[in-house]
2 protein chains.
Amino acid sequence: MRADAQRNRDRILEVAREVFREQGYDASLDLVAKRAGVGAGTLYRHFPTRDDLMDAMMQSWVDRVTESTDKVLASEGSDRDLLLRWFETYVELISLHKGGPAKITTAMGNPESPIRSKCQVLSGAAARVMESLGERGALRPGVDAVQVCRLVGGVASVADQSELDGAAVRPLLEVVADGMLAR
Amino acid sequence: MRADAQRNRDRILEVAREVFREQGYDASLDLVAKRAGVGAGTLYRHFPTRDDLMDAMMQSWVDRVTESTDKVLASEGSDRDLLLRWFETYVELISLHKGGPAKITTAMGNPESPIRSKCQVLSGAAARVMESLGERGALRPGVDAVQVCRLVGGVASVADQSELDGAAVRPLLEVVADGMLAR
DNA sequence: CACAATACGGAGACACTCTCCGTTTAGCAA
DNA sequence: TTGCTAAACGGAGAGTGTCTCCGTATTGTG
């Protein structure tokens, strides 16, 4: 890639993170272009769709998924505690931007999605947690990682759109956790 | 209301049902106006916001909620079966239009929402089901009707946006049901 | 330093929302 | 019936956003 192109790309991403954090997933892309000091054409050439931009923006964030998951897996407490801690981490991770939870959860399991790779990282992390619990026989059989991501993602979407706080989300996650654990 | 106003209002609603069914919650309102043979001004005078239109459209649908709930409550089977049957009914009811589940679930518990009355009917129905199960000691304590609507609504939102079919939704609902039932 | 190849940018087509206001109509009172 | 007024109509157009096209400018290589 030519040096000027690389410069613009980086600049757009930097500004996009800022704008998306301020205004959520629906922010105007022309505004991003303007603030980045490039023309609309440049933005759309680098990122043909909003999802492509999202995907690139989330690149740095992906590393945190693995890291956070490691931390959860290493933490103390009962199986239920671990599962809940993971749920809360997951919700936090996908709630980086307003509209994010719905976006990510919708893309989950859709091979066509431009943010597919990110979803795979997430469901991969979920799989690790579930494998860990599964080995100890803590999980009821027949639930897979993508399903869990959808369930918890559904809760996160509702929380995001209704602007629920952690205290309101917690009991919902508890129900999901209890539904997943072996009895 | 003047006779012509009433006529136009009815016509707009009739067309809106059709268009929303075809195109989901995001359908253009100008298209609704055009197809109804009225000007945009007329549409917006009757229904200042998209939600006001949604609300009016759902009026006839509200009656079905009570009826469907009655049917579920009268049905045979275990507590778990009853709960699952109710969940599936609920998902079906709020999935009338694309985008409906997210819309309704977001509005749930928001006193400012224009479709508030509809949400109350829904959470009221959920409360009836839960009361019935609660009397028999089938539910774990501390879950309220609005929470359940949010959980099931979250599942419905995901299903709606990812276009999941009934078979894919069922296991998610089972997890929620198992999480809610007393152990 | 010349000259492709690559990238830029912004005007503009198109779509949607919503308002404003001149025009039309319903319905009542005489 | 007729005349009148409040009520309602409708569509042009302003505002905002998406996305493309293509003439112009920049890069970096031979």
Side-chain angles (χ1 to χ4, degrees), chain A residues 1-57 97-100 102-103 106-107 112-115 161, chain B residues 1-57 97-100 102-103 106-107 112-115 161:
Chain A
M1 190 179 321
R2 243 170 62 172
D4 56 342
Q6 184 68 57
R7 236 185 352 258
N8 276 328
R9 192 175 188 283
D10 292 347
R11 178 108 188 83
I12 290 169
L13 276 177
E14 188 184 326
V15 169
R17 281 202 196 86
E18 195 178 296
V19 171
F20 276 62
R21 206 175 309 119
E22 282 172 23
Q23 310 197 5
Y25 181 72
D26 285 337
S28 156
L29 296 188
D30 271 25
L31 173 68
V32 172
K34 186 166 288 176
R35 274 216 217 165
V38 303
T42 301
L43 188 151
Y44 284 98
R45 197 170 336 95
H46 283 295
F47 309 104
T49 71
R50 182 178 292 268
D51 278 340
D52 289 318
L53 180 54
M54 276 288 267
D55 187 59
M57 258 174 50
H97 307 289
K98 190 148 180 58
K103 197 73 218 163
T106 299
E112 308 289 297
S113 168
I115 58 173
Q161 278 152 10
Chain B
M1 194 183 313
R2 244 168 66 171
D4 54 345
Q6 183 68 58
R7 236 184 352 256
N8 277 327
R9 192 175 189 282
D10 292 348
R11 179 108 187 82
I12 289 169
L13 277 177
E14 187 184 327
V15 170
R17 280 203 196 85
E18 194 178 296
V19 172
F20 276 61
R21 205 173 310 118
E22 282 171 23
Q23 312 198 3
Y25 181 72
D26 285 337
S28 154
L29 296 188
D30 271 24
L31 173 68
V32 172
K34 185 168 289 178
R35 272 217 219 163
V38 303
T42 301
L43 187 152
Y44 284 97
R45 199 170 333 98
H46 284 295
F47 308 104
T49 72
R50 184 179 291 269
D51 279 339
D52 289 320
L53 179 55
M54 276 288 267
D55 186 62
M57 258 175 50
H97 309 290
K98 191 147 182 56
K103 198 73 218 162
T106 298
E112 309 289 296
S113 169
I115 58 171
Q161 278 152 9

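Bear in mind the structure is a predicted one, so any value in this text is a computation, not a measurement.
A straight line from CG of B:L53 to P of C:dC16 spans 16 Å, rounded to a whole angstrom. Between the CG atom of A:D26 and the C1' atom of C:dC16 there is a distance of 14 Å, rounded to whole Å. Regarding B:Q6, its CD atom lies at a distance of 11 Å from the P atom of C:dG27, rounded to whole Å. Remark: C1' of C:dC16 and CZ of B:R35 are 16 Å apart, rounded to the nearest angstrom. Residue A:L31 contributes atom CG, which lies 16 Å from atom P of C:dG9 at whole-angstrom precision. Atom CZ of A:F47 and atom C1' of C:dA7 are 14 Å apart (whole Å). Atom CZ in B:R9 sits about 16 Å away from atom C1' in D:dC9, given to the nearest Å. Rounded to an integer number of Å, the gap from CG of A:L43 to P of D:dG17 is 14 Å.
In this structure, B:N8 contributes its side chain and B:A5 its backbone to no donor-acceptor pair below 3.5 Å. Formation of a donor-acceptor pair under 3.5 Å by the A:R9 side chain with backbone atoms of A:F47 is not found in this model.
Under the 4.5 Å side-chain criterion, counting only non-hydrogen atoms from C-beta, B:L53 is not in contact with B:Y44. Inter-residue side-chain proximity for B:D51 and B:Y25 is flagged as met; some heavy-atom pair is nearer than 4.5 Å.
Dashed line: the shortest gap from a side-chain N or O of A:S28 to OP1 or OP2 of D:dT18 is under 4.0 Å. Between A:N8 and C:dA7 there is no side-chain N or O to OP1 or OP2 distance below 4.0 Å. A close approach under 4.0 Å does occur between a side-chain nitrogen or oxygen of B:R45 and OP1 or OP2 of D:dC9. At the phosphate of C:dA7, neither OP1 nor OP2 sits under 4.0 Å from any side-chain N or O atom of A:H46. Taking only side-chain nitrogens and oxygens, A:T42 never comes nearer than 4.0 Å to OP1 or OP2 of C:dA7.
For B:Y44, the side-chain atoms get nearest to C:dT19 when compared with the rest of D:dA8, C:dT19, C:dC8. Across D:dT27, C:dG10, C:dG27, the shortest atom-to-atom separation from the side chain of B:A3 is found for C:dG27. If you check C:dT17, D:dA8, D:dT18 against the side chain of B:L29, the one that comes closest is C:dT17.
Position along DNA chain D of the nearest nucleotide to B:G41 versus B:M1 favours B:M1 as the more 5'-ward residue. Comparing B:D30 and A:V38 along DNA chain C, the residue whose closest nucleotide (by nearest heavy atom) sits nearer the 5' end is A:V38.
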Solution key, residues 13-23 of chain B side-chain donor-acceptor pairs under 3.5 Å, sequence neighbours excluded:
{"from": "B:R17", "atom 1": "NE", "to": "B:M57", "atom 2": "O", "distance (Å)": "3.4"}
{"from": "B:E18", "atom 1": "OE2", "to": "B:R35", "atom 2": "NH1", "distance (Å)": "3.1"}
{"from": "B:E22", "atom 1": "OE1", "to": "B:R35", "atom 2": "NH2", "distance (Å)": "2.9"}

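Contacts of B:A5 with the nucleic acid, taken as non-hydrogen atoms under 4.0 Å apart, involve only primed sugar atoms and P, OP1 or OP2.
Remark: the A:R2 side chain and the D:dT26 base include a donor-acceptor N/O pair separated by less than 3.5 Å.
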